[in-house]
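Numbering of ligands and ligand atoms starts at 1, following listing order. If you're wondering where the values come from, they're calculated on a predicted model, not measured in any experiment. Basis for what follows: all heavy atoms, side chains included, without hydrogens, waters or symmetry-related copies.
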Amino acid sequence: MTSKPDLDSPEAIHALVEGFYERLLNDPLMRPVFMETAGIRIEDHLPTIEAYWRKMLLGEKGCYTRNMVAKHEAVHAKGPLRPEHFERWSEHFHQTLDELFSGPMTDRAHLLADRILVNLQRRLLG
Ligand code: HEM
């Protein structure tokens, strides 16, 4: 068995985001939230998500400075997010991580995602 790399570089984060969004956008529950409700432009959105994770995991400063909660509040106002969206987001995120990476930074990404998701869900759904 070949060991997997850790999620410890911008290149690794790029691969994570590509793999994660491939799953999200092929999922009939999740795709409409991104493509219809929010109407994202993939070519703008994916670099934003990468910047967010570079900030969170690599501590890169200045790359992501927006208010991500407000962004989700705006999506939720246009088309309500439900508990199953949060569950599915989480499944895809953790599965992508497990498939591609392992190591201390990968563990940290699993933990961070859980923590942020719980907070976001509480803010949006109460
Ligand atoms: C139910 C679960 C989630 C759904 C359906 C969801 C969906 C979305 C959508 C549609 C956008 C695009 C907003 C826009 O540009 O109008 C977005 C942006 C974003 N999401 Fe999520 N999201 C979820 C959970 C999360 C979680 C748990 C995180 C972090 C761990 C996260 C991080 C981000 C970030 C950083 C952005 C970029 C915001 C910006 O443009 O500055 N999302 N999300």
Side-chain angles (χ1 to χ4, degrees):
M1 193 187 101
T2 47
S3 69
K4 291 176 240 174
D6 202 358
L7 183 64
D8 57 2
S9 67
E11 294 74 21
I13 288 174
H14 178 76
L16 167 71
V17 171
E18 293 266 306
F20 179 42
Y21 273 79
E22 168 129 19
R23 282 172 182 268
L24 283 177
L25 298 179
N26 276 306
D27 180 334
L29 175 69
M30 302 305 282
R31 184 181 175 88
V33 178
F34 289 87
M35 303 314 290
E36 287 158 36
T37 310
I40 59 160
R41 283 163 47 99
I42 299 288
E43 62 273 36
D44 299 330
H45 183 72
L46 295 196
T48 304
I49 300 296
E50 284 185 36
Y52 176 78
W53 284 109
R54 288 204 307 276
K55 171 185 164 184
M56 302 304 283
L57 293 170
L58 308 179
E60 193 178 315
K61 295 208 181 3
C63 58
Y64 183 84
T65 53
R66 302 210 283 226
N67 179 341
M68 69 83 93
V69 174
K71 288 274 173 189
H72 292 87
E73 279 168 350
V75 175
H76 187 54
K78 283 195 240 167
L81 295 172
R82 302 189 304 271
E84 56 263 38
H85 291 116
F86 287 89
E87 277 158 34
R88 196 66 65 78
W89 189 102
S90 175
E91 270 172 38
H92 288 311
F93 188 83
H94 292 300
Q95 279 173 13
T96 312
L97 264 183
D98 278 337
E99 187 182 289
L100 299 175
F101 301 103
S102 74
M105 294 286 283
T106 306
D107 295 344
R108 192 167 144 64
H110 280 294
L111 276 174
L112 269 175
D114 282 343
R115 210 184 292 157
I116 298 162
L117 185 136
V118 166
N119 282 327
L120 190 61
Q121 184 164 0
R122 202 174 290 145
R123 290 280 293 269
L124 265 51
L125 306 188

Practice item. With heavy atoms only and a cut-off of under 4.0 Å, state how Ile40 meets ligand 1: side chain, backbone, both or neither. Key: side chain

Check your understanding: Would you say His72's side chain and Val69's backbone share a donor-acceptor pair under 3.5 angstrom?
Key -> no

Point to revise | Approximate separation, where rounding is to 0.5 Å, of His45 NE2 and Phe34 CZ | key: 5.0 Å

Review point. What distance do Arg82 atom CZ and Gln121 atom CD have between them, rounded to the nearest 0.5 Å?
Key: 12.5 Å

Practice item. Locate the shortest heavy-atom distance separating Ser102 from Lys4; write the atom from each residue and the value. Key: OG-O, 3.6 Å

**Study point:** Heavy-atom nearest neighbour of atom 11 (C) of ligand 1 within options Lys55, His45, Arg88
**Key:** His45

Point to revise | Any donor-acceptor N/O pair, Ser90 side chain to Phe86 backbone, under 3.5 Å | key: no

Practice item. Report the C-alpha separation of Met30 and Arg23 in whole Å, then their side-chain angles, then the decisive distance to 0.1 Å, and conclude whether the side-chain contact (heavy atoms from CB on, under 4.5 Å) test is met. Key: CA-CA 9 Å; Met30 302 305 282; Arg23 282 172 182 268; over 6 Å; no

**Study point:** Contact check, side chains of Phe93 and Leu16, non-hydrogen atoms, under 4.5 Å
**Key:** yes

**Study point:** Path from Met68 to Met56 over hydrophobic side-chain contacts below 4.5 Å
**Key:** yes

Exercise for review: Select one of side chain, backbone, both or neither to describe which atoms of His85 lie under 4.0 Å from any atom of ligand 1, heavy atoms only.
Suggested key: both

Study note, to complete from the structure: The protein heavy atom nearest to atom 35 (C) of ligand 1 is Tyr52 CG, 3.3 Å

Point to revise | Residue and atom name of the nearest protein heavy atom (relative to atom 38 (C) of ligand 1), distance in Å to one decimal | key: Tyr64 OH, 3.4 Å

**Study point:** side-chain contact (heavy atoms from CB on, under 4.5 Å) between Ile116 and Tyr52, worked out
**Key:** CA-CA 12 Å; Ile116 298 162; Tyr52 176 78; 3.3 Å; yes

Point to revise | Atom indices of ligand 1, in the order listed, that fall short of 4.0 Å to a heavy atom of Arg66 | key: 39 (C), 40 (O), 41 (O)

**Study point:** Candidate pair Met35 and Ile40, rule side-chain contact (heavy atoms from CB on, under 4.5 Å), full reasoning
**Key:** CA-CA 6 Å; Met35 303 314 290; Ile40 59 160; 4.0 Å; yes

Check your understanding: What are the protein N/O/S atoms, named by residue and atom, that sit under 2.8 Å from atom 21 (Fe) of ligand 1?
Key -> His72 NE2

Practice item. May I ask whether Phe93 has any heavy atom positioned less than 4.0 angstrom from an atom of ligand 1? Key: no

Check your understanding: Hey, does the side chain of Asp8 reach the backbone of Met105 with a donor-acceptor pair shorter than 3.5 angstrom?
Key -> no

Check your understanding: What atoms of ligand 1 come closer than 4.0 angstrom to any heavy atom of Trp53?
Key -> 30 (C)

Review point. Got Arg31 and Asn26 here, is their nearest side-chain heavy-atom distance under 4.5 Å?
Key: no

Review point. By number and element, which atoms of ligand 1 are closer than 4.0 Å to a non-hydrogen atom of Phe34?
Key: 6 (C), 7 (C), 8 (C), 9 (C), 10 (C)

Practice item. Pull out every atom of ligand 1 sitting under 4.0 Å from any heavy atom of Leu81, numbered as shown with elements. Key: 5 (C)

Point to revise | For Thr48, atoms of ligand 1 separated by under 4.0 Å from a heavy atom | key: 37 (C), 39 (C), 40 (O), 41 (O)

Check your understanding: Which atoms of ligand 1 are found less than 4.0 Å from any heavy atom of Ala38?
Key -> 10 (C), 16 (O)

